[in-house]
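Input: a single structure, listed below in structure tokens.
Numbers here simply count residues along the sequence, with the first being 1.
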Amino acid sequence: MSELLEVIKISKKVIYTKHLRKGTFHIHGDKNGGHPALIVEKNDKKNSYKLLKFTHQARADRTKLNRNIDPIDKRNTYVLNNPIYSKRNKLSKNELSSLSIDSSEKIIIKIIKRKQ
């Protein structure tokens, strides 16, 4: 009987995926397909991430960046004014290594990161 309990305890062990790093870009999937998102904070125990989401559509709740995060793309880029919270299953596995934030935009990103 005690052997059976040990097997059950082992099978209920929670395994967290830790290969997503803070400060990397990944695709955040939503009802519109997906947008690049920057991981700002990571909580492995709750399996949740705080993200800054980027898009090409202008709206009132978005701030326009001077330069695009993708050096090849010439369209305007906007960042949402408030960070979003998401689970691991909404983010892609692959890191978008070609994307980067311009040094002049880092002040805007830092202010948005602090918001709850």
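With K64 contributing its side chain and N76 its backbone, the two residues share no donor-acceptor pair below 3.5 Å.
Of the inter-residue distances, the one linking K53 atom NZ with I27 atom CD1 reads 10.5 Å to the nearest 0.5 angstrom. The CZ atom of R62 sits 11.5 Å away from atom OG1 of T77, with the distance rounded to the nearest 0.5 Å. Here the CG atom belonging to L38 is positioned 10.5 Å from the NZ atom belonging to K22, to the nearest 0.5 angstrom. Between L52 atom CG and I108 atom CD1 the span is 11.5 Å, to the nearest 0.5 Å. The OG1 atom of T24 sits 11.5 Å away from atom CG of N94, with the distance rounded to the nearest 0.5 Å. Residue D61 holds its CG atom at 6.0 Å from CG of N81, rounded to the nearest 0.5 Å.
No path of Ile, Leu, Val, Met, Phe, Trp and Tyr side chains, each step under 4.5 Å between heavy atoms, connects L51 with L96, placing them in separate hydrophobic clusters. Linking Ile, Leu, Val, Met, Phe, Trp and Tyr residues whenever their side-chain heavy atoms come within less than 4.5 Å places L80 and Y49 in a single cluster. In this structure, L65 is a member of the same hydrophobic cluster as F25, with clusters built from ILVMFWY side-chain heavy atoms closer than 4.5 Å. Note on I112 and I101: same hydrophobic cluster, where clusters join Ile, Leu, Val, Met, Phe, Trp and Tyr whose side-chain heavy atoms are under 4.5 Å apart, directly or indirectly.
Residues forming a ring-ring contact (aromatic ring centres under 6.0 Å, His included) with Y78 (at least two apart in sequence, or on another chain): none.
Scanning both residues, S98 and P71, for their nearest heavy atoms gives O-CD, 3.5 Å. In plain terms, the two heavy atoms of K113 and K50 that are nearest each other are O-NZ, 2.8 Å.
For residues 65-79, the salt bridge (Lys or Arg N to Asp or Glu O under 4.0 Å) pairs, not counting sequence neighbours, are R67-D102, D73-R75.
By the 4.5 Å heavy-atom criterion applied to side chains, H35 and H28 are not counted as neighbours. Looking only at side-chain heavy atoms (C-beta outward), E105 and V79 stay at 4.5 Å or farther from each other.
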For this session: Report the C-alpha distance between R88 and K93 in whole Å, list the side-chain angles of each, state the deciding distance to 0.1 Å, and finish with yes or no for side chain to side chain contact (heavy atoms under 4.5 Å, CB included).
Result: CA-CA 9 Å; R88 167 67 185 95; K93 295 179 188 178; 3.6 Å; yes

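With F54 as the fixed residue, the side-chain contact (heavy atoms from CB on, under 4.5 Å) test singles out one of N68, I69, L99: I69.
Surrounding NZ of K115 are more than 12 heavy atoms belonging to other residues, nucleotides or ligands, all under 6.0 Å away.
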